[in-house]
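The structure under discussion appears below in the form of structure tokens.
Numbers here are sequence positions counted from 1. Quantities reported herein were computed from a predicted structural model and do not represent experimental measurements.
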Amino acid sequence: MTIVQSPPLYWSQLQEPAWSLYLAATEQGLAFVGSSGGSFEELTAWAGQRFPGRLLAQDDRRLAPYASELAAYFRGELQRFTLPFDLHGTPFQQDVWQALCSIPFGQTRSYSDIAESIGKPAAVRAVGTAIGANPLLITIPCHRVIGKNGALTGYRGGLEMKMRLLELEHAALGGGGR
């Protein structure tokens with residue numbers, strides 16, 4: 001009998017002056033971006049759910065390109081991420097996450113806007129659930145989704161992080177808007 005060992009999940013921690021987050025990637029691409037100030041346990045809990053049995057291996061060199069893009073975003077120098085993702089989800093989640101990527105930098109959309117954009121206008125709650133399952137904070141810009149009334153709504157990284165990201169994008173544009 002031959003035992004095939006899955007390749008590990010590689011991880012690193014990005015430390016920027018105002019941001020500290022854990023990142024994880026597979027051989028195929030970025031798979032996880034944690035909350036600002038989030039714990040290593042946030043990463044291990046996600047890995048246990050999405051990739052049960054896979055070892056976590058720290059590899060700062062392998063994650064450096066992803067960390068570099070995030071750092072450039074935090075400095076206001078990058079508006080669209082270009083490195084590959086390794087994103088696992090249902091077809092519905094994939095549709096929602098793709099729609100999030102179409103929201104321009106510095107702009108926001110409502111949950112109902114996203115539901116309409118994927119051709120499922122009655123699925124607003126399901127859209128919210130799919131957004132909440134997004135493993136790639138910032139890079140899949142779920143922070144750009146707000147309530148229909150303009151209010152900030154739930155965010156895995158917390159509402160403070162969501163507000164900081166929206167303010168960062170607004171400042172990088174020298175104004176911005178919907």
Quick one: [atom1] on [X] to [atom2] on [Y], what's the gap to the nearest 0.5 Å?
| X | Y | atom1 | atom2 | answer |
| --- | --- | --- | --- | --- |
| Q107 | L166 | CD | CG | 12.0 Å |
| K120 | I114 | NZ | CD1 | 15.0 Å |
| D113 | K148 | CG | NZ | 7.0 Å |

Quiz item: Is there any salt bridge (charged side-chain N to carboxylate O under 4.0 Å, His left out) pair reaching into residues 131-146, and which pairs are they, with sequence neighbours excluded?
Solution: R144-E169

Within the supplied structure, the quantity of interest is the number of heavy atoms (other residues, nucleotides, ligands) at a distance under 6.0 Å from [X] [atom1]; does it exceed 12?
| X | atom1 | answer |
| --- | --- | --- |
| Q58 | CD | yes |
| Q94 | CD | yes |
| R80 | CZ | no |

Self-check item: By side-chain hydrogen bond (donor to acceptor under 3.5 Å, both in side chains) - contacts of E167 (at least two apart)
Solution: none

Quiz item: Could you go step by step and tell me if R50 and L9 meet the side chain to side chain contact (heavy atoms under 4.5 Å, CB included) rule?
Solution: CA-CA 11 Å; R50 297 285 180 153; L9 288 172; over 6 Å; no

Same hydrophobic cluster for [X] and [Y], using side-chain heavy-atom links shorter than 4.5 Å among ILVMFWY?
| X | Y | value |
| --- | --- | --- |
| V145 | L136 | yes |
| V33 | M161 | yes |
| I103 | I131 | yes |
| L43 | Y155 | no |
| L137 | Y66 | yes |

Nearest non-hydrogen partners of [X] and [Y], listed with the distance:
| X | Y | answer |
| --- | --- | --- |
| L87 | P135 | CD1-CG, 3.6 Å |
| S20 | Q13 | OG-NE2, 3.0 Å |
| S110 | S112 | OG-OG, 3.0 Å |
| I118 | D95 | CG2-O, 3.6 Å |
| E116 | P121 | CG-CB, 3.9 Å |
| I146 | A151 | CB-O, 3.5 Å |

Exercise. Begin from the C-alpha positions of D59 and S12 and carry the test side chain to side chain contact (heavy atoms under 4.5 Å, CB included) through to its verdict.
Key: CA-CA 6 Å; D59 192 334; S12 185; over 6 Å; no

Quiz prompt | Pairing residues for R156 by the salt bridge (charged side-chain N to carboxylate O under 4.0 Å, His left out) criterion, not counting sequence neighbours | solution = E42

Exercise. Enumerate the residue pairs fulfilling ring pair (Phe, Tyr, Trp, His ring centres under 6.0 Å) with a member in residues 22-50, sequence neighbours excluded, ordered by first and then second residue.
Key: W11-Y22, W11-F40, Y22-F40, F32-W46, W46-F51

Self-check item: All side chain to side chain contact (heavy atoms under 4.5 Å, CB included) counterparts of A126, not counting sequence neighbours
Solution: F92, A123

Quiz prompt | Listed partners of Q93 passing side chain to side chain contact (heavy atoms under 4.5 Å, CB included), at least two apart | solution = T90, W97, A130, A133

Does the side chain of [X] reach to within under 4.5 Å of the side chain of [Y], using non-hydrogen atoms?
| X | Y | answer |
| --- | --- | --- |
| L14 | F74 | yes |
| D86 | L30 | no |
| F81 | I138 | yes |
| T44 | L56 | yes |
| P104 | R109 | yes |
| T82 | E69 | yes |

Quiz item: For P65, does its backbone N or O pair with a side-chain atom of S68 as donor and acceptor, under 3.5 Å?
Solution: no

Quiz item: Backbone N or O of L21 within a donor-acceptor pair of the E16 side chain at under 3.5 Å?
Solution: no

Quiz item: Among side-chain atoms of Y10 and E27, is any donor-acceptor pair under 3.5 angstrom?
Solution: yes

Practice problem: Using distance alone, with no hydrogens and no angle criterion, decide if T153 and Y111 have a side-chain donor and acceptor under 3.5 Å apart. | Solution: yes

